[in-house]
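Here is the structure we will look at.
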Amino acid sequence: MPSHFARTYQHMAFTPDKDVFVRHAVLSYAEMTLAAFLQGQERAYAVRDVVEELRATFPGGAAYAVQMIEQALQTDDETARLQLVTRALDLIGRQARPPSPASVR
């Protein structure tokens with residue numbers, strides 16, 4: 001299933017790095033939705049939408065992050081839920097924002 005964000009950005013003219021826009025949009029969407037979920041403002045079905053977007057955008061790279069998000073949905077412990085979601089967002093953020101050449105040295 002193609003990502004909603006991939007369909008949105010696929011028709012951008014003269015932009016060879018459309019996947020960068022897609023990854024940033026999915027990361028932003030995941031951060032906002034998961035933050036609202038942790039605050040009790042969003043339901044589990046919205047988090048499942050985030051999981052589907054992550055699977056579509058980062059096919060193999062988001063498997064561990066998706067697993068942590070699914071564990072967070074199943075736990076009742078608020079601290080554990082926060083830790084799992086934070087670690088998952090960190091992993092996704094590392095893939096969406098590749099290291100800059102200056103930090104690689």
Any sub-3.5 Å donor-acceptor pair from [X]'s side-chain atoms to [Y]'s backbone N or O?
X     : Y     : value
Thr33 : Tyr29 : yes
Glu31 : Leu89 : no
Glu53 : Ser3  : no
Thr86 : Leu82 : yes

Excluding sequence neighbours, so at least two apart, what forms side-chain contact (heavy atoms from CB on, under 4.5 Å) with Asp17?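 Once residues adjacent in sequence are excluded, the partners of Asp17 under the side-chain contact (heavy atoms from CB on, under 4.5 Å) criterion are Thr15, Asp19, Val20, Phe21.
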Under the salt bridge (Lys or Arg N to Asp or Glu O under 4.0 Å) test, which residues partner Asp90, sequence neighbours left out?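 For Asp90, the residues satisfying salt bridge (Lys or Arg N to Asp or Glu O under 4.0 Å) (neighbours in sequence not counted) are Arg94.
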Let me confirm one number: the [atom1]-[atom2] distance from [X] to [Y], rounded to the nearest 0.5 Å.
X     : Y     : atom1 : atom2 : value
Leu91 : Arg87 : CG    : CZ    : 7.5 Å
Gln39 : Leu34 : CD    : CG    : 11.0 Å
Ile69 : Arg48 : CD1   : CZ    : 12.0 Å

Which residues share a ring-ring contact (aromatic ring centres under 6.0 Å, His included) with Phe37, sequence neighbours left out: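 Per chain and number, Phe37 pairs via ring-ring contact (aromatic ring centres under 6.0 Å, His included) with no residue.
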Hphob cluster co-occupancy, [X] + [Y], side-chain heavy atoms under 4.5 angstrom:
X     : Y     : value
Phe5  : Leu54 : yes
Met68 : Leu38 : no
Val26 : Val47 : yes

Testing the basics here: between [X] and [Y], what is the closest heavy-atom pair and its distance to 0.1 Å?
X     : Y     : answer
Thr57 : Pro59 : O-CD, 3.3 Å
Ala96 : Leu27 : CB-CD2, 3.8 Å
Ala65 : Ile92 : CB-CG1, 3.7 Å

Ring pair (Phe, Tyr, Trp, His ring centres under 6.0 Å) contacts in which one or both residues fall within residues 39-92, not counting sequence neighbours: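 Matches after skipping sequence neighbours: none remain.
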Applying side-chain hydrogen bond (donor to acceptor under 3.5 Å, both in side chains), name anything that partners Arg55, two or more places apart in sequence or on another chain.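 side-chain hydrogen bond (donor to acceptor under 3.5 Å, both in side chains) check on Arg55 returns Glu52, Glu70.
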Qualifying residues under side-chain hydrogen bond (donor to acceptor under 3.5 Å, both in side chains), relative to Glu78, sequence neighbours excluded: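 With sequence neighbours excluded, Glu78 shows a side-chain hydrogen bond (donor to acceptor under 3.5 Å, both in side chains) to Arg81, given in chain and number order.
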